[in-house]
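One structure below.
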Amino acid sequence: MTSTPQPVTTTEAVKRPGRWLALSVLVLAVLLVAVDATVLGLATPYISEDLKPSGTQLLWIGDVYSFVIAGLLVSMGSLGDRIGRKRILLGGATAFGAISILNAYATTPELMILARALLGVAGATLMPATLALIRNLFHDPRERSLAVGIWGATASAGTAIGPIAGGFLLEHFWWGSVFLINLPVMAVLVLVGIRTLPESRNPNPGPWDLISVVLSLVGVIGVVYAVKEAATHGVEWPALAAGALGAAALYWFVRRQLRLPAPLLDMRLFRNRGFSAAVLADLLTILGLSGLVFFLSQYLQLVQGRRPFEAGLAELPAAVGAVAAGLIAGRAARRFSVRSVVSGGLAAVGLALAVLTTLGQSTGYPVLGAALLVVGIGAGFSFTVTADVILSSVPKEQAGAASAVSETAYELGAALGIAVLGSIVTGMYRGFAAPAGTPAGAHESLGGAVEAASGMPADAARNMLSSAREAFVDGLSLAAGAGAVVLLATAVAAWFLLRGQRLDEGSPHPSTVVAGAATGKSHQETSGREHSVSH
């Protein structure tokens, strides 16, 4: 009896048809989150004028999204591994669009903070699912590097589209309109994603441990809140209590993960030096950048007097640099080395931030634009390669949890950066010398000072605004200096921690075969144990 010959499995054979169309849907989710993050900074002066938040409330509006999303990312990434990444992505996108409406129509600072927190819950479902699906759509390492580069480039493009579209809307409509631009993107994502995205999940996930979910949420929020309060008001007992509670919850979380047969987060991932180094680099990079990014739009509008649309265009070089670098980062890391590309990118960002310490009220745009371009190029190289390292360091069935760790580092760094570096700006600003009769709200934020000036005599208003702007710029320069120190130190650490790390090369040639018939291996064993169902 003649046996039927079994087909061999080639590099090309395991490439899923329609994977690039599916990627286009995933990057829409990234675009959704990136646009939302950038338009908030642009709309901050208008939110401050309309809702009249205190300085502390303004910081909460800026960072509560990051607090919540950082606390839930691991839980949502693990949930996606269990119930299906497509399902959680599309459900989260729908919720993200609906809650954007609540952000748009918030009438009080408290309601705005609540709306941003709820948006964080929805946002926590999106980013881990997109990276995890990329890990499962693209089995070839070189294709995966390109897909990750496109993913990162889209996020960078969102940072450009957000301010430009937001600036246009702010000049023609009220500030809430900047949140409503999420709706058409969400609608396209859901309608197209239903038909094009494959469903994937961990075939043996184990139960979703609710105790671990609560511990991770309490732990991250407790620690970040403690840092924020200590930076703003000094080390007082509420901050100490919150920090102690958060640290205890995180310790219990780690101990519980080590004991559970099916943990929410496999702590053994951190034994991989490349994985741990990439996560740490992401966290510290965003920490050093986020304080500056959050206040840059206020500098452009309230200090230099640019219109919202013009301010959005002024931030464009950073996005252009990040897009260009992200698309070639994988190739550069293979040609040179992972550590040289990551460390070089971080050093470039640190040096650009050092240049920004010279900012003044009348600094010309060529200096600012060039610095932002270098920031974008450096960040594009670094973030794209670290994301590739993180994805390639873990089995496919743990892609959601690993992606969530990466995004947690990003959001935690953003929250800490806004809290610490933002508090530096706020602390420097609040001490500005103001003429007699200046309303107390002028010391809460620069937007409050601009509003207060409208009710003051002309000479007093001019003197007050000049002093307030000078104090704000001094704080911004100090925050840029602190960020530069963090980035340069991270570049040095990455050089040593990523020593010997390489990106997967994949098969040397498409014709290279894996003799599945000869070895008796099935297609599932050749391409991984991931359970994937196409719809």
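Keep in mind the model is a prediction, meaning the values are calculated, not measured.
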Side-chain donor/acceptor of Ser177 to backbone N/O of Phe173, under 3.5 Å: no

Thr363 side chain vs Gly360 backbone, donor-acceptor pair below 3.5 Å: yes

Leu119: which of Val68, Val64, Ile99 passes side-chain contact (heavy atoms from CB on, under 4.5 Å): Ile99

Sub-4.5 Å side-chain heavy-atom contact between Ile101 and Phe179: no

Neighbour count >12 (heavy atoms, 6.0 Å) for atom OH, Tyr46: yes

Whether Thr125 side chain and Ala122 backbone form a donor-acceptor pair below 3.5 Å: yes

Any side-chain heavy-atom pair of Leu316 and Val320 under 4.5 Å: yes

Euclidean distance, Glu143 CD relative to Ile134 CD1, rounded to 0.5 Å: 12.5 Å

Exam field: side chain Arg339 to backbone Gln501, donor-acceptor pair closer than 3.5 Å: no

Backbone N/O of Met464 and side chain of Ser467: donor-acceptor pair under 3.5 Å: no

Heavy-atom side-chain contact between Asn103 and Arg116 under 4.5 Å: yes

Within-4.5 Å side-chain heavy-atom neighbours: Ile150 and Leu327: yes

Side chains of Phe96 and Leu118 in contact at under 4.5 Å (non-hydrogen atoms): no

Main-chain N/O of Ala278 paired with Thr386 side-chain donor or acceptor, under 3.5 Å: no

